[in-house]
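Below you'll find the structure, written out as structure tokens, and then a few comments.
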Amino acid sequence: MSKVAKKTISLTLEHAEFVEAKVASGEYASVSEVMREGLRAMQAREAALERFLRNEVVPLALELEAHPERMIDGKTGFARL
């Protein structure tokens with residue numbers, strides 16, 4: 001395990017109960033494990049968003065910038081749907 005930094009956090013009652021229920025169910029051994037899992041999920045979501053923006057949105061924006069004649073307005077786009 002990597003080095004550990006101890007932090008004190010505050011949770012809403014709803015979140016605290018959720019975390020405690022996860023530990024009580026045996027799904028996690030400790031509150032720290034629940035919190036680490038949540039942080040890993042957040043990191044994965046942010047990495048996926050970054051990949052989407054880099055691999056899908058930016059190339060499309062550059063393509064449209066190079067060929068503005070391919071763009072259509074929102075009203076036309078919705079009408080085509």
Passes side chain to side chain contact (heavy atoms under 4.5 Å, CB included), Gln43 versus Arg40? Steps please. CA-CA 5 Å; Gln43 287 173 317; Arg40 284 191 290 271; 4.2 Å; yes

Sort and list the pairs that fulfil salt bridge (Lys or Arg N to Asp or Glu O under 4.0 Å) and have at least one residue in residues 47-59, not counting sequence neighbours. Glu50-Arg54

List for me each residue that meets salt bridge (Lys or Arg N to Asp or Glu O under 4.0 Å) alongside Glu33, sequence neighbours excluded, and say none if there are none. none

For Glu27, salt bridge (Lys or Arg N to Asp or Glu O under 4.0 Å) partners two or more places apart: Lys22

Sorted by chain and residue number, the salt bridge (Lys or Arg N to Asp or Glu O under 4.0 Å) partners of Glu63 (sequence neighbours excluded) come out as Arg70

Which residues pass the side-chain contact (heavy atoms from CB on, under 4.5 Å) test with Leu39, not counting sequence neighbours? none

Val31 and Val19: which non-hydrogen atoms are nearest, and at how many Å? CG1-CG1, 3.6 Å

Set of residues satisfying salt bridge (Lys or Arg N to Asp or Glu O under 4.0 Å) with respect to Arg45, sequence neighbours excluded: none

Table please: side-chain donor-acceptor pairs of residues 74-81 below 3.5 Å, with sequence neighbours left out.
residue, atom, partner, partner atom, Å
Thr76, OG1, Asp73, OD1, 3.2
Thr76, OG1, Asp73, OD2, 3.0

What's the spacing between Lys6 NZ and Ser32 OG if we round to 0.5 Å? 7.5 Å

Output a table of donor-acceptor pairs, distance under 3.5 Å, between side-chain atoms of residues 8-18 and any protein atom two or more places apart or on a different chain; print 'none' if there are none.
residue, atom, partner, partner atom, Å
Thr12, OG1, His15, N, 3.1
Thr12, OG1, His15, ND1, 3.1

side-chain contact (heavy atoms from CB on, under 4.5 Å) partners of Val58, counting only residues at least two apart: Leu62

Show which residues join Met71 in its hydrophobic cluster (side-chain heavy-atom contacts under 4.5 Å, direct or indirect), or state none. Leu60, Leu64

How close do Leu53 and Pro59 get, heavy atom to heavy atom, and via which atoms? O-CD, 4.3 Å

